[in-house]
Amino acid sequence: MFDLCLDKAAEWILSKGFTSVAIQVPEGLRMTASDIADQLSSRTNVNVTITGDPCYGACDVPVNYKDIAEGLIHFGHSPIPSVTNDDDILFIEAFAAADIRSGISKIADRLPERIGLLASVQYVNMLKDAKDVLEGLRKIVFIGKGDARMRYDGQILGCNCSAAESVKDDADCFLYIGEGDFHPLAAALCTDKEVMAFDPVTNELRSMNDVRDRIIRKRFAAIESAKNAFTFLVIVSSKAGQRRDAAADGIIKKITSAGKKAYKVVMNEITPDSLLSYKVDVYVNTACPRLATDDSLRYGRPILTIPEAEIAIGVREWDDNEFDQIRG
């Protein structure tokens, strides 16, 4: 279903004159990694190495890939324009191949008049077809332009909803095209508008309201449990696409100004086990914000985003809480 563009990848390898290349795939494509390696090796006669570290997005591109190969091919995500600038890295977005026109026309009557369209990168190529169908049914459709972190109009990441924010005042709701909850939940949290998720494989349409409300209740509980905390561990990711030293230094200053103690730690892979030994009351996450919003129950202590930490120490009101994003 996803176009891995192996001809393009092989041509790129040959044009670069590489003798070795590494490939990086997200979890959903891991079962195809060996097939990709076989095909590229047979077409180019180069040594192909699979990078086995977790891969959550283009923010996870290994900065030290040159230690294992001359070039890197990253499958399943688009480059982050404001971060990625390496001619020896090729991004293959793996666009989905499907006709969604019939499915969109069948769910159109469940949507309001003014609709913002969103998609993850694998389905961003379907936005034009969806727009054409909806406009043919007399809907008013908006496809927003994101910030410098976005490559495509209408594209959202789990950490950046700038494309949605750019048209949220015009749209009555958002229609997200793609699979799963990860991306549409980000849009629901950052826009405070109803987000309807359309799965182009099953043609299922569902509202993200219930999922969003459950997350908000969990976040409120985490903030409340951190209000009497004294020691805070401020976590910084060493990944190029997630590193926010200035934001970390800013929240550390606010924590210490509130009469509390803060420690800064820089890590590559952030897991519950990697944090467990630190003697602190609260974790403040400045890496991928979804570690706090989605995975909080896995951690033995409250883990907060930057705005949530500001609420916990009393420098921001709950009503002013916002979805933490990594901006372009």
Shared hydrophobic cluster, Leu137 / Ile143 (ILVMFWY, side-chain heavy atoms < 4.5 Å)
yes
Do Asn125 and Tyr152 get their side chains close enough for a donor-acceptor pair, meaning under 3.5 Å?
no
Spacing of Leu118 atom CG and Leu127 atom CG [to the nearest 0.5 Å]
8.0 Å
Looking only at atom types and distance, does a side-chain atom of Gln325 sit under 3.5 Å from a main-chain N or O of Cys161, one as donor and one as acceptor?
yes
In short, Val315 meets Lys254 closest at the heavy-atom pair CG2-CD, 4.4 Å
Just verifying a value: how many Å separate His183 NE2 and Ile177 CD1, rounded to the nearest 0.5 Å?
14.0 Å
Quick check: do Val121 and Phe95 have side-chain heavy atoms less than 4.5 Å from each other?
yes
Co-membership, hydrophobic cluster, residues Phe2 and Ile100, 4.5 Å side-chain
yes
Ionic contact status for Asp169 with Arg114, cut-off 4.0 Å:
no
Roughly how far, to the nearest 0.5 Å, is the CG atom of Asn285 from the OG atom of Ser296?
11.5 Å
Smallest heavy-atom separation, His77 atom then Cys55 atom, equals CE1-SG, 4.2 Å
Hey, mind stepping through Arg43 and Glu11 against salt bridge (Lys or Arg N to Asp or Glu O under 4.0 Å) and telling me if it holds?
CA-CA 9 Å; Arg43 296 184 192 197; Glu11 290 172 6; over 6 Å; no
Can you see whether Tyr123 engages Glu179 through a side-chain donor-acceptor pair at a distance of less than 3.5 angstrom?
yes
Hey, does Ile251 have a side-chain heavy atom less than 4.5 Å from the side chain of Glu310?
yes
Scanning both residues in full, the closest heavy-atom pair of Val266 with Ser238 reads CG1-CB, 4.0 Å
Nearest atoms (heavy-atom pairs only) where Met208 meets Ala188
CB-CB, 4.2 Å
Tell me, with the steps shown, if Tyr263 and Phe232 meet side chain to side chain contact (heavy atoms under 4.5 Å, CB included).
CA-CA 6 Å; Tyr263 305 92; Phe232 292 74; over 6 Å; no
I'd like to know if the side chain of Asp60 reaches the main chain of Tyr56, judged simply by a donor and an acceptor atom lying under 3.5 Å from each other, with no hydrogens or angles considered.
yes
4.5 Å side-chain heavy-atom contact, Tyr278 and Val265:
yes
Check step by step if salt bridge (Lys or Arg N to Asp or Glu O under 4.0 Å) holds for Asp172 and Lys193.
CA-CA 7 Å; Asp172 297 323; Lys193 291 283 180 81; 6.0 Å; no
Taken to the nearest 0.5 Å, the spacing of Phe198 CZ from Leu111 CG works out to 10.0 Å
Asn160 versus Met150: any side-chain heavy-atom pair under 4.5 Å?
yes
Euclidean distance, Ile303 CD1 relative to Leu297 CG, rounded to 0.5 Å:
11.5 Å
Evaluate the criterion side chain to side chain contact (heavy atoms under 4.5 Å, CB included) for residue pair Arg244 and Val236; output intermediate values, then yes/no.
CA-CA 7 Å; Arg244 292 192 288 172; Val236 177; over 6 Å; no
Do Ser120 and Gln155 get their side chains close enough for a donor-acceptor pair, meaning under 3.5 Å?
no
State whether the side chain of Thr191 and the backbone N or O of Ala187 hold a donor-acceptor pair below 3.5 Å, judged by distance alone.
yes
Can you check side chain to side chain contact (heavy atoms under 4.5 Å, CB included) on Leu157 and Phe182, steps first, answer last?
CA-CA 9 Å; Leu157 302 176; Phe182 184 74; over 6 Å; no
Salt bridge check: are Lys128 and Asp132 linked by an N-O gap of less than 4.0 Å?
yes
Could you go through the salt bridge (Lys or Arg N to Asp or Glu O under 4.0 Å) check for Arg290 and Asp324 one step at a time?
CA-CA 9 Å; Arg290 303 304 290 275; Asp324 190 23; over 6 Å; no
Under a single-linkage definition using a 4.5 Å side-chain heavy-atom cutoff for Ile, Leu, Val, Met, Phe, Trp and Tyr, are Ile73 and Val63 assigned to the same hydrophobic cluster?
no
How close do Ile270 and Ser237 get, counting heavy atoms only, and between which atoms?
CD1-CB, 4.5 Å
Would a 4.5 Å heavy-atom cut-off, applied to side chains only, mark Val124 and Asp153 as touching?
no
Hey, are Asp281 and Lys260 close enough for a salt bridge, meaning a charged N less than 4.0 Å from a carboxylate O?
no
Is there a donor-acceptor pair closer than 3.5 Å between any side-chain N or O of Thr256 and the backbone N or O of Ile252?
yes
Are any non-hydrogen side-chain atoms of Leu40 and Ile23 less than 4.5 angstrom apart?
yes
Between the side chain of Ser20 and the main-chain N/O of Ala69, is any donor-acceptor distance below 3.5 Å?
no
Could you tell me whether Arg327 and Glu165 have a side-chain N and a carboxylate O separated by less than 4.0 Å?
yes
Reported CZ-to-CG distance for the pair Arg212 and Asp181, which is rounded to 0.5 angstrom
13.0 Å
Heavy-atom distance under 4.5 Å between the side chains of Ile115 and Leu134, does that happen here?
yes
Neighbour count above 12 (heavy atom, 6.0 Å) for Asp320 CG:
yes
Grouping I, L, V, M, F, W and Y whenever their side-chain heavy atoms are under 4.5 Å apart, do Val201 and Leu175 come out in a common cluster?
yes
Is a side-chain donor or acceptor of Glu70 paired with a backbone partner of Thr19 at a separation under 3.5 angstrom?
yes
Should we say atom CG of Asn45 is surrounded by more than 12 heavy atoms from elsewhere, each under 6.0 Å from it?
no
Stepwise salt bridge (Lys or Arg N to Asp or Glu O under 4.0 Å) test for Lys139 and Glu135
CA-CA 5 Å; Lys139 304 290 186 180; Glu135 288 182 337; over 6 Å; no
Any residue meeting salt bridge (Lys or Arg N to Asp or Glu O under 4.0 Å) with Glu93, in chain and number order, not counting sequence neighbours:
Arg151
Do NZ/NE/NH1/NH2 and the carboxylate oxygens of Lys16 and Asp87 come within less than 4.0 Å?
no
Tell me whether Asp88 is salt-bridged to Lys66, with the criterion being a basic N under 4.0 Å from an acidic carboxylate O.
yes
Salt bridge check, Lys168 against Asp170: does any charged N sit closer than 4.0 Å to a carboxylate O?
no
Sidechain N-carboxylate O distance under 4.0 Å for Lys239, Glu269:
yes
Which atom names give the shortest non-hydrogen contact between Ala292 and Leu304, and what distance separates them?
CB-C, 4.1 Å
Between Asp53 and Thr51, does any side-chain donor sit less than 3.5 Å from a side-chain acceptor?
no
Is there a side-chain contact between Leu4 and Leu29, using heavy atoms and a 4.5 Å cut-off?
yes
Students often mix this up, so state it plainly: with edges at 30° and 60°, are the rings of His74 and Phe91 parallel, tilted or perpendicular?
tilted
Can Ser105 and Arg101 be said to form a side chain to side chain contact (heavy atoms under 4.5 Å, CB included), step by step?
CA-CA 6 Å; Ser105 64; Arg101 288 176 173 268; over 6 Å; no
Would you check if the side chain of Thr271 reaches a backbone N or O of Ser274 as a donor-acceptor pair within less than 3.5 Å?
yes
